[in-house]
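Below is one structure, written out as structure tokens, with a few remarks after it.
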2 protein chains.
Amino acid sequence: MKRKRFDKMNCGIAQALEACGDWWSLLIVRDAFFGARRFGEFQRSLGIAKNILSARLAHLVEHGILERIDAGREGERFEYRLTPKGEALLTVLTALREWADEWVFGRGNEPLIVRDRRSRRRIAKLRVTDADGTPLTRSDLRMEAGPGASRETIQRLSSRARTNTA
Amino acid sequence: MKRKRFDKMNCGIAQALEACGDWWSLLIVRDAFFGARRFGEFQRSLGIAKNILSARLAHLVEHGILERIDAGREGERFEYRLTPKGEALLTVLTALREWADEWVFGRGNEPLIVRDRRSRRRIAKLRVTDADGTPLTRSDLRMEAGPGASRETIQRLSSRARTNTA
DNA sequence: TCGTTGGGTTGCATGAAAGAACCGGAGTGC
DNA sequence: GCACTCCGGTTCTTTCATGCAACCCAACGA
């Protein structure tokens with residue numbers, strides 16, 4: 001039985017995972033952020049099998065996250081570069097890294113520090129906030145159906161409003 | 001050949017993916033954010049196979065993202081609840097959703113809108129910024145080894161500093 | 001008491017990942 | 001011109017993970 005895909009789900013998280021939620025995919029994107037461009041760079045840096053890397057790169061290209069560009073004249077040399085859609089994953093990567101820094105490594109054990117190139121100061125931590133910048137947590141939030149909500153999404157949200165108040 | 005795991009990698013993104021980067025895992029966490037607690041709730045909501053759900057829940061509990069709590073007196077009824085470590089994944093889920101809202105669905109087609117419960121205003125979009133709040137993109141950033149960096153991480157960063165300036 | 005529901009486990013069929021081998025074209029040395 | 005190497009893959013085999021259906025037992029519920 002083929003693995004279930006998320007592309008029919010009416011949910012942004014599912015769609016994002018469909019595009020780059022496969023095993024290895026976000027590490028490939030991370031390497032692209034670090035400057036990797038060539039097949040061999042990704043392969044050596046990650047220690048991934050070549051056939052898997054090949055499939056993942058194709059999937060990311062298909063979803064518009066990477067772009068495959070001819071690099072050698074007339075040749076069979078290619079580069080994989082982040083598109084704007086791919087560069088927009090910076091928030092996702094940053095959120096993952098900051099989560100692990102705090103909850104896996106612990107403060108003071110971060111393997112990587114990200115700074116603003118000019119000011120040399122560390123970047124600000126990502127936070128979910130109100131429009132005014134007040135930090136919010138799970139219980140402060142309220143989910144509503146948006147313009148693109150399917151009937152199931154609407155039903156799901158309204159049934160939850162009745163039954164659940166966590 | 002057993003699937004490669006990321007738990008030995010000296011990288012926050014890899015560690016985060018090790019904990020919740022499996023297929024289905026973040027959707028389970030999403031459902032927990034939406035209020036799901038019981039095995040059957042997750043199963044019906046996601047349409048996931050029961051054995052896989054069982055394995056994923058165990059993995060998330062093992063990594064301290066969910067907590068398994070007795071729910072029936074004396075009984076074999078359990079609930080799965082987000083721990084603080086799990087609730088901290090809110091930024092990750094938000095980053096994924098906002099990315100898909102913009103790059104998959106497109107503005108004006110979001111299936112879900114998240115508001116502050118009190119002010120009823122939409123939450124602010126996550127952005128990677130300087131300490132002052134100035135938005136930053138990939139080229140504004142500079143990666144440095146942190147206190148928890150391994151020798152390989154240090155080498156990797158210094159070799160990149162020499163060869164690459166993207 | 002008997003049926004039903006919840007919360008799983010087990011077994012099987014099939015797809016996906018790891019690793020190694022192979023391959024064709026471009027460049028390099030001689 | 002010819003061997004040799006590197007790059008960027010593809011193909012093959014083995015083993016693991018996923019999906020599905022069947023089964024199971026403890027708690028409720030009537």
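Predicted model only: the values in this text are computed from it and were never measured. Per chain, numbering begins at 1; letters A, B, ... match sequence-line order. What you see below is based on every heavy atom in this structure, not just the backbone, and it leaves out hydrogens, waters and symmetry mates.
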How is [X] classified with respect to the nucleic acid when contacts are heavy atoms under 4.0 Å: base, sugar-phosphate, or nothing?
X: A/R56; answer: sugar-phosphate
X: A/R68; answer: sugar-phosphate
X: A/W24; answer: sugar-phosphate
X: A/F42; answer: nothing

Return the value, rounded to whole Å, for the distance between atom [atom1] of [X] and atom [atom2] of [N].
X: B/I48; N: D/dA17; atom1: CD1; atom2: P; value: 15 Å
X: A/L53; N: C/dG19; atom1: CG; atom2: P; value: 14 Å
X: A/R3; N: D/dT18; atom1: CZ; atom2: P; value: 7 Å
X: B/E41; N: C/dT5; atom1: CD; atom2: C1'; value: 14 Å
X: A/I52; N: C/dA16; atom1: CD1; atom2: P; value: 10 Å
X: B/L46; N: D/dC20; atom1: CG; atom2: P; value: 13 Å
X: B/K4; N: D/dA17; atom1: NZ; atom2: P; value: 15 Å
X: B/I69; N: C/dG7; atom1: CD1; atom2: C1'; value: 16 Å

Determine whether any donor atom in the side chain of [X] lies under 3.5 Å from an acceptor atom in the base of [N], or the reverse, and answer yes or no.
X: B/K50; N: C/dG8; result: yes
X: A/K2; N: C/dG15; result: no
X: A/N51; N: C/dG19; result: yes

* Parallel, tilted or perpendicular for B/F42 and B/Y80, by the 30°/60° rule? -> perpendicular
OP1 or OP2 of [N] versus the side-chain N and O atoms of [X]: is any pair under 4.0 Å?
X: B/R38; N: C/dG7; answer: yes
X: B/S54; N: C/dG7; answer: no
X: B/Y80; N: C/dG6; answer: no

Identify whether the distance between the nearest side-chain nitrogen and carboxylate oxygen of [X] and [Y] falls below 4.0 Å.
X: B/E87; Y: A/R138; value: yes
X: A/D22; Y: A/R3; value: yes
X: B/R44; Y: B/D31; value: no

* Asked: With nearest nucleotides of DNA chain D determined for A/R5 and A/R44 from heavy-atom distances, which residue corresponds to the more 5′ nucleotide?
  -> A/R44
* Asked: Can you find a side-chain donor-acceptor pair between B/T94 and B/T91 that sits under 3.5 Å?
  -> no
* **A/F78 side chain, from C-beta outward: closest of D/dG9, C/dG8, D/dG19** => D/dG9
* Listed nucleotide nearest any side-chain atom of A/A49, set C/dG19, D/dT18, C/dG6 -> C/dG19
* Kindly indicate, with the supporting measurements, whether the criterion side-chain contact (heavy atoms from CB on, under 4.5 Å) is fulfilled by B/N10 and A/L112. => CA-CA 9 Å; B/N10 185 236; A/L112 189 74; over 6 Å; no
